[in-house]
Amino acid sequence: MADNKAERRKSDNVLLDTALQEFYGAADEMGLSEKLIAILSHAERRLEVSVPVEMDDGSVKVFKGYRVQHSTALGPAKGGIRYDTEVDVDECEALAMLMTWKCSLAGIPYGGGKGGIACDPLSMSKKEKEKLSRAFGARIAPIIGDWSDVPAPDMNTGGQEMVWIMDTVSKLHGRFEPALLTGKPIPYWGSKGRTEATGRGVATCGLELMKKLDKNPADIKAAIQGFGNVGSYTAKTLSDAGVKVVAISDITGSYYNPNGLDINKAFEIINHDPKHLLNGFEKFGAEKIEDALFAECDFLFPCARDGVINNQTASKVKAKYIVEGANGPTTPAADKILIQNGALIVPDFLANSGGVIGSYFEWAQNLQGFFWSEEEYNDRLVHIMKGNFNRVWDYAKAKNIKMRRAATMAAIQRVADVVELRGIFL
Ligand code: NAD
């Protein structure tokens with residue numbers, strides 16, 4: 001292909017357009033060739049399927065489902081399956097592209113994929129969700145597999161949905177395929193350590209950053225927004241390492257103590273709360289504040305959801321160091337404000353990659369048919385996270401750029417090198 005300027009894609013879908021424009025920006029800064037830009041700005045495969053379900057009232061509803069494989073250059077596509085009313089094929093493509101970069105940066109042998117069904121899972125019975133998951137599994141069976149595309153849970157899906165899909169596809173393929181997808185429950189080919197993996201990885205990035213700054217964890221005050229899967233284990237890992245966790249929050253509010261909060265007590269509370277929330281935590285030496293995002297602290301870990309640090313909130317953030325546990329917690333405009341205010345940001349797809357690295361461990365164990373101890377799992381995870389953090393740190397220093405851009409460029413480079421190596425076959 002001649003190296004003339006490739007046509008640049010635009011999309012009406014905000015998520016896809018943002019992913020594309022970020023890719024073009026980084027690719028241009030890296031001086032990536034136009035042929036590689038052209039290839040990597042398109043998904044390899046966008047599959048749309050109809051998913052018929054006989055509902056409990058006897059009627060039949062046909063849902064739309066999708067599976068997008070952005071790239072399989074580095075290995076099987078990897079990425080979640082979500083059930084949500086907003087799911088569409090462009091959103092799946094955007095998220096699949098981000099998975100390509102995340103897996104590449106993480107140094108694991110995967111490409112990027114994403115899928116989902118446009119549905120309202122909250123209004124469906126368990127039986128209806130089982131039929132939905134099995135029908136979807138059957139429809140995407142021709143393109144998923146342990147060496148082709150390995151799905152995982154995502155928004156509104158979990159271990160149960162993975163088991164239904166795996167069981168269906170294994171039967172269709174005529175062989176037991178536990179490595180077909182990850183995020184399975186521990187009693188059924190899941191992995192010890194996976195529940196804590198994302199938070200452990202986020203905290204590891206924070207602790208590595210403290211080392212770079214020559215700071216003792218005991219002298220650091222941290223605030224964590226969100227006390228779900230990611231936030232709670234980020235808080236616990238930091239607290240176990242001696243960091244003073246001064247603020248935590250969930251949808252019940254934000255809790256603060258300048259001398260440090262009792263994180264084990266917070267776990268006790270969510271473990272006893274029917275909705276897994278921090279209801280009543282203020283009775284245990286914490287005062288309620290407006291938002292953990294704005295707490296007086298050195299390190300902030302936004303671990304709740306996307307878009308929380310935005311035009312309205314960015315200038316109220318007091319932390320100098322921000323480690324993004326959630327996906328996309330900082331909008332592009334807020335990113336500029338934080339940087340103007342002198343903040344250093346460890347980007348989401350580096351900081352929260354412990355989740356996908358943990359999924360890779362589950363897949364590796366399933367392929368071997370041999371389970372690791374929790375200690376082995378944790379040691380390997382921390383080792384990889386430390387290596388990845390330091391690679392991005394060094395790359396950013398060498399090129400004199402921010403960590404977010406450095407992470408994107410390093411991720412794209414690894415995929416581009418392999419596409420070049422494998423050659424353009426199609
Ligand atoms: P979760 O549902 O377990 O927890 C979310 C938490 O955030 C809950 O405690 C909820 O009460 C709280 N929350 C929601 N809105 C809030 C707000 N405005 N202020 C304060 N707290 C708020 O979800 P999770 O699995 O922990 O995921 C959190 C984020 O991390 C999401 O962006 C997700 O995409 C991302 N992520 C998760 C994983 C994973 O392995 N779970 C991996 C990578 C990225």
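Counting convention: from 1, in listed order, for ligands and their atoms alike. Each residue takes its place number in the sequence, starting with 1.
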Counting only heavy atoms, which portion of [X] has something under 4.0 Å from ligand 1: side chain, backbone, both, or neither?
X	answer
Arg82	neither
Pro329	neither
Gln225	side chain

* Has Arg194 got any heavy atom lying under 4.0 angstrom from an atom of ligand 1? -> yes

* **Between Lys320 and Asn341: side-chain donor-acceptor atoms closer than 3.5 Å** => no

* State, without any angle test, whether Thr252 and Lys275 hold a side-chain donor-acceptor pair at a distance under 3.5 Å. => no

* Structure fact -> Nearest heavy atom to atom 43 (C) of ligand 1, choosing from Leu293, Asn352, Asp154, belongs to Asn352

* **Option of least heavy-atom distance to atom 10 (C) of ligand 1 (set: Val202, Ile251, Val230)** => Ile251

Should [X] and [Y] count as an ion pair when the cut-off is N to O under 4.0 Å?
X	Y	value
Glu130	Arg134	yes
Arg82	Glu91	yes
Arg46	Asp90	yes
Lys127	Asp56	no
Asp154	Lys114	yes

Look at [atom] and say which protein heavy atom is nearest, naming residue and atom and giving the distance to 0.1 Å.
atom	result
atom 5 (C) of ligand 1	Ala304 O, 4.0 Å
atom 41 (N) of ligand 1	Asn229 OD1, 3.3 Å
atom 15 (N) of ligand 1	Arg305 CD, 3.7 Å
atom 34 (O) of ligand 1	Asn327 ND2, 3.0 Å
atom 20 (C) of ligand 1	Ser249 OG, 3.5 Å
atom 4 (O) of ligand 1	Gly228 CA, 3.2 Å

Could you tell me which atoms of ligand 1, counted from 1 in the order shown, lie closer than 4.0 angstrom to a heavy atom of [X]?
X	answer
Ala326	29 (C), 30 (O), 32 (O), 35 (C)
Thr198	38 (C), 39 (C), 40 (O), 42 (C), 43 (C)
Gly325	30 (O)

* To do: Could you tell me how the ring of Trp393 sits relative to the ring of Phe389: parallel (under 30°), tilted (30 to 60°) or perpendicular (over 60°)?
  => parallel

* Phe294 ring centre to Lys316 NZ or CZ under 6.0 Å, with the angle to the axis within 45°? -> yes

* Establish, yes or no, whether the cationic atom of Lys399 lies under 6.0 Å from the six-membered ring centre of Tyr395 and within 45° of the ring axis. => yes

* Do you see a protein non-hydrogen atom under 4.0 Å from atom 27 (O) of ligand 1? -> yes

* **Protein non-hydrogen atom found under 4.0 Å from atom 2 (O) of ligand 1** => no

* Asked: Would you say Phe227 and ligand 1 have an N/O pair spaced under 3.5 Å apart?
  -> yes

* To do: Give, for atom CG of Leu209 and atom CE of Met403, the distance between the pair rounded to the nearest 0.5 Å.
  => 7.0 Å

